[in-house]
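Just below is one structure, and these are the notes that go with it.
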Number of protein chains: 2
Amino acid sequence: MNNNSCIRQQADIKQIGRCKDRITAINGTFDYISNGLELAGNNVRLKILFLLYEEKQLCVCDLSDILGMTISAVSQHLRKLKDRKIIKTERRAQIIFNSLTKEYEEMLLPFFKILDENK
Amino acid sequence: MNNNSCIRQQADIKQIGRCKDRITAINGTFDYISNGLELAGNNVRLKILFLLYEEKQLCVCDLSDILGMTISAVSQHLRKLKDRKIIKTERRAQIIFNSLTKEYEEMLLPFFKILDENK
DNA sequence: CGCGTATTTAAGCAACTACTTAAATACAAA
DNA sequence: TTTGTATTTAAGTAGTTGCTTAAATACGCG
């Protein structure tokens, strides 16, 4: 890359350097946050996460009923969320309950609050 | 859909109904939030947004330099962000400066704070 | 006006996403 | 152990994403 036009006459070299350094320094934090946002950015999954926040725990069947989607489709969303430690599961008899992990519940709280206010 | 197994013996019908209603009621808010999160969930765009938050305004060239990506690639990210009113632009002489819209700056502030703390 | 810098757009492509359907597992309870 | 309910997984597919390269615009300034 790095070809092409825009051979800038004026560029704040100091600013560019400072920004580069900052981005590199907190690269891990970017990964951590986009790890969560990437998944929460999907409309269906945001609903799943909000529902888990409100109801504390739900099984794949509940979510399937509520969202009007196949169990399989919901299950595959839950798997992604679980793989990234955004939710956790707990079996009780035949039913597997899903709930938010504390860490990501906290991270997404500002959005749940916005959703709560619009009830 | 709605075929298949999971002919649940026990399901909290009231809970299902309540959740359905709630989801429908705030459907617009879900759209609003996932509108923002969908785009912020991309690692590159999250960086762009954070940089705009920190520096107030940057042109496509600056971002290209900082992120080590082609101008074209960055430009296409900026377009998406602009289409969804997450950023706005302002021309000054030959350079077009990008900055966050107030609305989404506020919405994403919690994440910028987390990133700020990890400097 | 026409030149040069800055920026956007178009076309193409490999990789990824969200779903579908059908089959496989998991496991509690009889 | 077998049965039945609950859940996950595999394979396939249409649509989307993020980039590349090359070409097109936009517009300030001499």
Side-chain angles (χ1 to χ4, degrees), chain A residues 1-12 16 30 34-35 37-49 57-84 87-99, chain B residues 1-12 16 30 34-35 37-49 57-84 87-99:
Chain A
M1 70 124 258
N2 202 18
N3 43 353
N4 267 344
S5 40
C6 202
I7 309 97
R8 227 156 349 151
Q9 234 56 2
Q10 301 168 313
D12 187 336
I16 306 286
F30 275 113
S34 60
N35 183 45
L37 292 192
E38 203 168 52
L39 293 191
N42 173 283
N43 205 292
V44 170
R45 279 190 300 260
L46 184 62
K47 283 177 186 164
I48 291 176
L49 294 171
Q57 54 173 30
L58 290 166
C59 69
V60 69
C61 265
D62 293 329
L63 289 164
S64 155
D65 283 349
I66 296 166
L67 299 170
M69 297 173 59
T70 62
I71 293 172
S72 172
V74 174
S75 177
Q76 286 172 74
H77 280 301
L78 291 173
R79 189 169 205 325
K80 286 194 175 184
L81 292 168
K82 198 183 169 188
D83 282 350
R84 302 235 201 149
I87 66 170
K88 58 186 178 352
T89 57
E90 186 200 338
R91 176 166 222 129
R92 273 223 295 289
Q94 265 127 290
I95 293 173
I96 293 173
F97 285 100
N98 300 272
S99 56
Chain B
M1 71 122 261
N2 202 16
N3 44 352
N4 267 345
S5 41
C6 202
I7 309 99
R8 228 158 346 152
Q9 234 57 1
Q10 301 168 312
D12 188 336
I16 306 286
F30 275 112
S34 60
N35 184 45
L37 292 193
E38 204 170 273
L39 293 191
N42 172 284
N43 205 292
V44 170
R45 280 190 299 261
L46 185 61
K47 283 177 186 163
I48 291 177
L49 294 171
Q57 55 172 28
L58 290 167
C59 70
V60 69
C61 265
D62 293 330
L63 288 165
S64 155
D65 283 351
I66 296 166
L67 299 170
M69 295 174 59
T70 63
I71 292 173
S72 172
V74 174
S75 177
Q76 288 173 72
H77 280 302
L78 291 174
R79 189 170 205 324
K80 287 193 176 186
L81 293 168
K82 199 183 170 190
D83 282 350
R84 304 235 199 148
I87 65 171
K88 57 186 178 349
T89 57
E90 186 199 338
R91 176 167 222 128
R92 270 221 297 289
Q94 266 127 290
I95 291 172
I96 294 173
F97 284 100
N98 301 271
S99 57

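Quantities reported herein were computed from a predicted structural model and do not represent experimental measurements. Side chains included, hydrogens not; waters and symmetry mates left out as well; all remaining heavy atoms used. Letters A, B, ... mirror the listed sequences (proteins, then strands); counts begin at 1.
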Taking atom P of D/dT16 as reference, at what distance in whole Å does atom CZ of B/Arg84 sit?
12 Å
Determine whether a donor-acceptor pair (N or O, by modelled atom type, separation under 3.5 Å) exists between the side chain of A/Asp62 and the backbone of A/Cys59.
yes
Rounding to a whole Å, what distance do you find between A/Arg92:CZ and D/dA6:C1'?
15 Å
Least distance between heavy atoms, B/Thr70 atom then B/Ser64 atom:
C-OG, 4.1 Å
Classify A/Lys80 by what it touches in the nucleic acid, base, sugar-phosphate, or nothing, heavy-atom distance under 4.0 Å.
sugar-phosphate
Nearest-nucleotide check on DNA chain C, B/Phe97 vs A/Gln94; residue mapping nearer the 5' end is B/Phe97
Between the main-chain N or O of A/Ala93 and the side-chain N or O of A/Arg91, is there a donor-acceptor pair closer than 3.5 Å?
yes
Specify the separation, in whole Å, of atom CD of B/Glu38 and atom C1' of D/dG15.
14 Å
Contacts under 3.5 Å, N or O only, protein and nucleotides 9-11 of chain D:
residue, atom, partner, partner atom, Å
D/dT9, OP2, A/Arg79, NE, 2.4
D/dT9, O4, A/Ser72, OG, 2.8

In whole angstroms, the gap separating P of D/dA6 from CG of A/Asp65 amounts to 11 Å
Under a 4.0 Å N-O cut-off, is there an ion pair linking B/Glu90 with B/Lys88?
no
For the side chain of A/Arg92 and the backbone of A/Phe97, is there at least one donor-acceptor N/O pair under 3.5 Å apart?
no
Provide, to the nearest angstrom, the distance between the CG atom belonging to A/Leu81 and the P atom belonging to C/dT17.
13 Å
Check the pair B/Asn98, B/Leu81 against side chain to side chain contact (heavy atoms under 4.5 Å, CB included), reporting the backbone distance first and the verdict last.
CA-CA 10 Å; B/Asn98 301 271; B/Leu81 293 168; over 6 Å; no
Spacing between A/Arg91 atom CZ and D/dT7 atom C1', to the nearest angstrom:
8 Å
Is the shortest side-chain N/O distance from A/His77 to OP1 or OP2 of C/dC19 below 4.0 Å?
yes
How long is the line joining CG of B/Asn43 and C1' of C/dC16, in whole Å?
16 Å
Is a side-chain donor or acceptor of B/Ser75 paired with a backbone partner of B/Ile71 at a separation under 3.5 angstrom?
no
Length of the CG-P vector between A/Leu78 and D/dA6, whole Å
16 Å
For B/Arg45, answer base if it contacts any base atom (sugar-phosphate contacts may also be present), sugar-phosphate if it contacts only those atoms, and nothing otherwise; contact means non-hydrogen atoms under 4.0 Å.
sugar-phosphate
Check whether any side-chain N or O of B/Asn42 sits under 4.0 Å from OP1 or OP2 of D/dG18, and answer yes or no.
yes
